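Presented below is the structure to which this report refers.
All values reported here derive from a predicted model rather than from experimental measurement. Remember, it's 1-based here, ligands and their atoms both numbered in the order they're listed. Side chains are part of it too, since the values below use all heavy atoms of this structure and drop only hydrogens, waters and symmetry mates.
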Amino acid sequence: MCGIVAIIGGRPVAPLIVDALKRLEYRGYDSAGVATIENGRLARRRAEGKLVNLEARLEAEPLSGTIGIGHTRWATHGVPNETNAHPHFAGDVAIVHNGIIENFAELRSELAAKGHVFSTQTDTEVVAHLVSEGISGGSSPQEAAFAALKRLEGAFAIALMFRGDEDLLIGARNGPPLAIGHGEGETYLGSDAIALSPFTNQVTYLEDGDWAVVRRDSVKICDMNGSPVERPRQTSVATSFLVDKGNHRHFMEKEIHEQPEVISHTLANYLDFANGAIRQPELPFDFATLDRLTISACGTAYLSGLVSKYWFERFARLPVDIDIASEFRYREMPLSKNSAAVFISQSGETADSLASLRYCRGEGVPIASIVNVQGSTIARESDIVFPTLAGPEIGVASTKAFTCQLSVLASLALRAARERGTIDNETERKLIRALSEAPRLASQVLRLEERFRELARELSHYKHVLYLGRDTSYPLALEGALKLKEISYIHAEGYAAGELKHGPIALIDEEMPVIVIAPHDRIFDKSVSNMQEVAARGGKIILITDATGAEKANVSTLETIVMPDVPEFVAPIVYALPVQMLAYHTAVFMGTDVDQPRNLAKSVTVE
Ligand code: M6R
């Protein structure tokens, strides 16, 4: 988390740094700051809260200087106030940092014993002091930085600036990404290529353990042993346009509404609808002979993987192990040589997903990823990438990335089924036809928005909500609860409907509405039984189903929302929209910050 930027150029850099930070605000928005070297001195402006507060501060008190560093923060160590906001200074050293320094307490005590005085609660300030200590001992800034970096444990991306040398920045990466941008007489460091896109499309990504000595006209990259290394310069495709909300109140609303189009683009990238055929790149493994598939991801991306487990196992008879990446990475799971791993991530930077990917790499397993941000670390470290064509997703709550992930996974499950010979041609064509209908069905669901808005008004009066679903609607129940918690701050739980009687049924009363996601499918009757159990205990049921389901449910509900008839295979894609709209409108009624909910960040680059 946290976004970092550094610029060394020939014009005042503070406004450029703020421009770049706007593109990084998705990484955190607790506080922000910029530092430059102004008239030979380190100078900074910082502000608690969103970047607009820093902009206002800079407008009142501008910063001059042609070298500078900037930061937008997601707090790890120390409350998100101005004191703890980056950049931090120690002696002649200024620093911005993304990540966590795990041994900061030990380093801090060591430095305190030498007389260093700390003014923040952050782990970052310790690094500035460590480098400053080296400089005081007679080392050059480069020598001091290198010596300090070797002592750091944890995951970090760092940019350092030094009073006394206005032609020097040092960047270092161990975990979170850091890109170098190459301009004309200007050089940049940034957490991603999007941040640098207004200035240059020529970027070099540092690899783990790399550190770089950056000057206006030169860049030297070294590995963790201090030996110079070559890293390729690439042309980034990141766009310099800041995406806007169009006519929508929030990015989340816009992104919900974009789904018919982006689902259609994504599906068309993997399926040839005109000929009813699968059209996909070659794989680094063979579905036909694979023993198992291991899927790992976090949050909403994990839930898309959970839906796909049902698809891969049902249609392709391919067993799937799926894990939350933060668990998988330390579980030391033995992986069969005849397996493949799939990682799903909107940002392509999620620390736990990346660590899981590297674990699989170490086990010699071929790696496929489903990623929305092109050029992201997960994409670059995979053997094959299946992009989701959702376009930039700005709202912290993932919506269109989720349905695009489902679209890719459904296409892959079909391919696996065909290559394993577990479906016949007729079934394959039928399933492809079903997928081709997903965008149209998603549009129809959007027309029901007013119903969901009304229902959201009701939901906003409750403190707790339960979501239930069976089969592929179970991950959707989890997703509904996650969305609601995340943006409305209402406590919500998602459960497999059949699990209700094993505990959560004790919660049922008039104060806890139960949202049941139940298209009329093979096991609809089982969901009806679970609804009866809820109704018998005075629970208020909100049923989301289709016309047949509404007719057959035979249970009294607070609300029944009738969805279009949907082929069972694509139901998870289409039924994702109601849970998104419900969460969105509830949050609007609650008056929360929908696109940037408290305590969260779009890209989670710490574990
Ligand atoms: O970028 P990723 O897809 O790897 O992110 C994973 C989760 O952090 C993310 O899906 C998160 O759960 C969303 N905010 C949920 O809406």
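Residue contact check: Lys483 has heavy atoms under 4.0 Å from atoms 15 (C), 16 (O) of ligand 1. Residue Ala301 approaches ligand 1 through these ligand atoms, each under 4.0 Å from one of its heavy atoms: 3 (O), 10 (O). Against a heavy-atom cut-off of under 4.0 Å, Ala397 is close to the following atoms of ligand 1: 16 (O).
Side-chain N or O atoms of Thr72 include one that pairs as donor or acceptor with a backbone N or O of Gly28 at under 3.5 Å.
Contact annotation: the side chain of Gln121 never approaches that of His77 to less than 4.5 Å [non-hydrogen atoms, C-beta and beyond]. Looking at heavy atoms from C-beta onward, Arg361 lies in side-chain contact with Ile367 at the 4.5 angstrom threshold. Residues Leu152 and Ile158 are in side-chain contact: their nearest non-hydrogen atoms beyond the backbone lie under 4.5 Å apart.
Using a 3.5 Å distance cut-off with no hydrogens or angles, the side chains of Glu393 and Ser398 do pair a donor with an acceptor. Side-chain contact check for Ser296 and Asp323: no donor-acceptor pair (N or O, by modelled atom type) lies under 3.5 Å.
Counting protein heavy atoms only, atom 1 (O) of ligand 1 is closest to Ser347 OG, 2.7 Å. Considering only non-hydrogen protein atoms, atom 6 (C) of ligand 1 sits nearest to Cys298 O, 3.3 Å. Counting only heavy atoms of the protein, atom 3 (O) of ligand 1 lies nearest to Gln346 N, 2.6 Å. Scanning the protein heavy atoms around atom 11 (C) of ligand 1, the nearest turns out to be Thr300 N, 4.2 Å.
Residue Val396 places at least one N or O, backbone or side chain, under 3.5 Å from an N or O of ligand 1. At least one N/O-N/O distance between Ser398 and ligand 1 falls below 3.5 Å.
The shortest separation from a heavy atom of Ser353 to ligand 1 is not under 4.0 Å, leaving the residue out of contact.
Closest to atom 2 (P) of ligand 1 by heavy atom, among Val604, Thr399, Thr350, is Thr350.
When the side-chain hydrogen bond (donor to acceptor under 3.5 Å, both in side chains) test is applied to Arg329, the partners found at least two apart in sequence or on another chain are Asp352, Glu607.
Here Glu486 has side-chain heavy atoms under 4.0 Å from ligand 1, and that is the only part of it that gets that close.
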What verdict does the ring pair (Phe, Tyr, Trp, His ring centres under 6.0 Å) test give for Phe569 and Phe315, after you've listed the backbone C-alpha separation in whole Å, the side-chain angles of each residue and the deciding distance to 0.1 Å? CA-CA 10 Å; Phe569 181 39; Phe315 297 114; 5.1 Å; yes

